[in-house]
Amino acid sequence: MMKQRSTSKTVIQVCLALFFIAVVIAPIITMFTRINSESIRSLTSSPNFVPAIFNSVTTALTATVISMVLAILASFSLCRTSMRGKGIFSMLFVLPMLVPSISHAYGLKALIGVNGSGMLAFMLGSNVSIYGFRGIVAGSVMYSFPVAFLMIQSILQYEDGMPYKAAAVLGIPPLRRFTGITLPYMKKTLISMFFAVFTMIMTDYGVPAALKNENFGDTLSTIMFSDATQLKLGNAGVIGIMLLVPAVVAFAVDMLVPELSQSGFVSEGVEAGKGKLPKIAAYIFCSILAIAILMPITAFIIQVFAKSYPRDMSFSLTHVQNTLKSGADRFLLNSLIYSVIAAVFGTLLAFICAYMTTRAKSRITKALHLMSITSVAIPGLVLGLSYIIFFKNTPIYGTIFIIGLANSIHFFASPYLMMYNTLGKVNPDLEAVGKTLGIKRIRIITDVIVPKVRFTMYEMVVYFFVNSMMTISAVSLLAPPAPQPLSLMISSAESQIDIGKAATVSLMILVINFIIKLIITFINRKKSKE
Amino acid sequence: MDSLKDKLIIEGVSKQYKEKEVLKSVSFTVKDGEFLSILGPSGCGKTTLLRILIGLLPADTGTVVKDGVDITKAAPDKRGMGIVFQNYALFENMTAQQNVEYALKMKKSTKADAKEKAARMLETVGLSDRAKSLPKNLSGGQQQRVAIARTLALQPDIILLDEPMSALDVATRLAMRSELKKLQASFGTTMIYVTHDQEEAFALSDRIMIMDKGEISQLDTPENICRNPANDYVRTFVLDNLRAKIDSLSKYAPGLK
Ligand SMILES: Nc1ncnc2c1ncn2[C@@H]1O[C@H](COP(=O)(O)OP(=O)(O)OP(=O)(O)O)[C@@H](O)[C@H]1O
Ligand SMILES: [Mg+2]
């Protein structure tokens, strides 16, 4: 009986591992096999290839540094001063995460545009252009800032306050406290964050697609997209590998840099500074930052309801009507289906994997864990391309299932890790108690463990849902032929009418994601009350 | 004691993790209805031994015989044994009553039966008034009582307890000790009690089994252990420690000695 149980455990783990091989590893390897010397030659000999490398690296590097500096300043303002409005600012700062990256790019266009077509430019009468390097950096900062901000804020919040008290008693000056206590504490996070943000920006295709121009040229991601859509799969594959490099480095760094050795127990957090000047400075800084990062979205929303933005700002529903006429309702339905598939299937799969790797260890547990977090290193475009190649002749190609699957895999790592961490903390003897009382493991899972970890589960559902609603990378290569999701109406916008539609669609996505976030915030309130 | 029949016979049980020998061919006998403590320092294999006894862990070699039946390979829930874990491992989303009821409901007993039985168990451990409380609203001692009630409800004839007192404060510990003895008397259950607290072992046990690095150093009544410690280890680890405790106490309360 005992033997049988442990066998079924191993069988499940082997099945999961095989599943990951089938939907992650095999497709990526197949993508590699499409590359030959001909595709490498034709790609490297194209005149825009080398500039694209340069463009990708310089924009990503610049935007990463700016994002990180802003995120550090913002999180220190919120966590280490006694400024007012902390709750509001934390909320405003992560709002940009609820719309696709490309929406920020269109927002910038709406705001500044080229040759006076934007709102600001129109008001100021200038003709600054937002296309090219400046715009791509700005757009990238908009959507990567929240990610960086959340990473720093979460570790600052849980820093132990004791060393600071001790240092204060010993009369160590503030600057030394910062370099001696704070920096070492944040080191690992800062390193991981640098690579994570850099990778995220470098592999993003929405912002450069919307803001590149003749002068600036291409980035690696825009070349990859156009090669993939022209079915130059070998060429796209080569860039796919190049885009995998920073992600793999990020992944390796994350595994190699040792976890900071803070004792798990924090008696009290770090006290916020009482100084008046820092408090005012922090408030001003956060206000300006919030306005700056939300301005493009705001401009975009205004565009939705303006008759002929920016010249005629009278209220009108023309754009909304146009959007609905061009099938937005159908695309919205598709998007909701994709999001629900990812939320249900992804959460279930992530839960099962995390359960196996934390509480049902076997010989392949480590391998399974590694496979579960690999997806974080695979950029959406690369995943999409590998799926085109690998699933081309299977029945799921061109159906809702391939996108549901792609989204579940693409966004798998974070929810998996959430559950991995939560389950690791749940009493390790529950299953053993069950065994001695004659309660089946599955009942312990459904009746005891799931109720215990349900809040993490809700977070996972939201993560899959929100990200599936707004992703454009992998899906842009898979749909069509698969039914088109709403977000792709943004990236296909070309004409002025389209831009009105793109704005409307962005707003729809924002509203839906915002509602979902509100619901989870409400539910989590209940948790903290518990 | 000698007149009692053998309840559990452990014969040549050993267990190895990779290179490390955790149990080295352990053999001993537990008498029916006795209170046996297993005493030993951290890492000597006490928990491993308990897990093998109840079937949560397979032994590499050796047999476990209960009431004349070889149960070495039997499933944990088919052995007529119960176990109370150090951290209790209560079902946190269920009330005290539901914790006790849950396993009963899984068995064939009807809902009404299970309910009534669980209520009776809670009464036995003195928790009737907290039946509707969730574990997190119970004190450490109360949580432990729930864990014990949950185990007792299935009417095991042997209960294993793995350092059940280590999370409790001193006063609660003392109270729980006598509770435990009372429960044992009224149910007639054999109890195997793991601890690394010398004083606790001596206060509670009919016999004490002293372990060191996966081996049994001595198994005897508290009295005999005091009179004839089997070796230096028993002398230092058990008796010297115990004496030190008594000495330090008598310093403050000279009348004690
Ligand atoms: N799954 C495992 N893999 C490898 N070694 C293990 C494992 N479980 C236990 N051990 C080792 O076996 C030895 C005995 O462990 P056990 O838990 O039985 O000790 P113990 O006497 O209960 O100690 P404590 O008083 O600390 O609970 C320890 O050295 C422990 O490190
Ligand atoms: Mg132990």
Side-chain angles (χ1 to χ4, degrees), chain A residues 1-10 264-265 351 355 358-366 419 421-459 523-524 526-530, chain B residues 47 50-59 71-94 98-109 114 134-137 143 146-147 149-156 158-163 167:
Chain A
M1 180 115 195
M2 227 158 61
K3 220 172 196 160
Q4 209 180 352
R5 271 186 194 157
S6 63
T7 329
S8 67
K9 177 175 89 184
T10 313
F265 184 69
F351 175 80
Y355 182 86
T358 50
R359 305 180 72 90
K361 297 209 166 93
S362 78
R363 234 167 290 167
I364 64 162
T365 302
K366 279 217 175 92
M419 193 41 97
N421 289 327
T422 306
L423 279 176
K425 288 183 202 130
V426 174
N427 190 318
D429 290 326
L430 287 172
E431 286 88 347
V433 166
K435 266 189 199 171
T436 64
L437 296 177
I439 304 165
K440 288 207 183 72
R441 186 190 272 269
I442 184 73
R443 292 303 300 268
I444 292 285
I445 293 175
T446 55
D447 295 353
V448 181
I449 293 182
V450 168
K452 171 100 188 147
V453 302
R454 66 187 188 282
F455 290 108
T456 305
M457 236 158 177
Y458 301 153
E459 299 261 2
I523 293 174
N524 279 347
K526 256 172 92 184
K527 171 193 173 188
S528 37
K529 261 189 212 147
E530 254 183 36
Chain B
T47 299
L50 278 202
R51 286 182 171 256
I52 290 174
L53 292 188
I54 202 164
L56 286 171
L57 202 64
I71 56 162
T72 314
K73 296 227 154 62
D77 59 317
K78 300 284 185 290
R79 298 184 174 211
M81 294 191 197
I83 186 166
V84 176
F85 287 92
Q86 177 173 355
N87 50 39
Y88 317 138
L90 294 178
F91 308 134
E92 288 176 37
N93 55 319
M94 302 183 191
Q98 289 167 331
N99 261 279
V100 182
E101 234 169 54
Y102 186 46
L104 292 170
K105 280 186 182 162
M106 295 281 143
K107 301 257 176 324
K108 279 170 201 85
S109 54
L134 289 173
K136 64 164 191 273
N137 299 324
Q143 288 182 20
V146 177
R150 181 174 68 179
T151 310
L152 280 174
L154 296 180
Q155 291 170 312
I158 303 178
I159 293 186
L160 315 176
L161 301 113
D162 192 356
E163 305 198 26

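In this text the structure is predicted, and so the values were computed from the model without any measurement. In what follows, every chain begins at residue 1, and chains take the letters A, B, ... in the order their sequences are listed.
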Fill in the blank from the handout: Turns out that what part of B:Asn93 lies under 4.5 Å from chain A's heavy atoms comes down to side chain
Problem - Closest-packed option against chain B by number of heavy-atom pairs under 4.5 Å, given A:Asp429, A:Leu430, A:Asn427 - result: A:Asp429
Problem - Residue B:Glu92 excluded, over 12 heavy atoms near CD under 6.0 Å - result: no
Practice task
To the nearest 0.5 Å, tell me how far B:Asp162 CG sits from B:Leu50 CG.
Solution key: 5.0 Å
Exercise for the section: To the nearest 0.5 angstrom, please state how far the CG atom of B:Leu160 sits from the OG1 atom of B:Thr47. Expected result: 11.0 Å
Handout entry: Side-chain H-bond candidate by donor/acceptor type, A:Thr436 with B:Asp77, under 3.5 Å
Key = no
Problem - Contacting region of B:Arg150 [heavy-atom separation from chain A under 4.5 Å] - result: both
Completion exercise
Cut-off 4.5 Å, heavy atoms of chain B, and the answer for A:Ile449 is neither
Exercise for the section: Can you tell which part of B:Leu90 gets under 4.5 Å to a heavy atom of chain A, answering side chain, backbone, both or neither? Expected result: backbone
Practice task
Could you check if a side-chain atom of A:Tyr355 sits within less than 4.5 angstrom of a side-chain atom of A:Met419, using non-hydrogen atoms only?
Solution key: no
Practice task
With a 4.5 angstrom heavy-atom cut-off, could you sort out which part of B:Phe91 is near chain A: side chain, backbone, both or neither?
Solution key: both
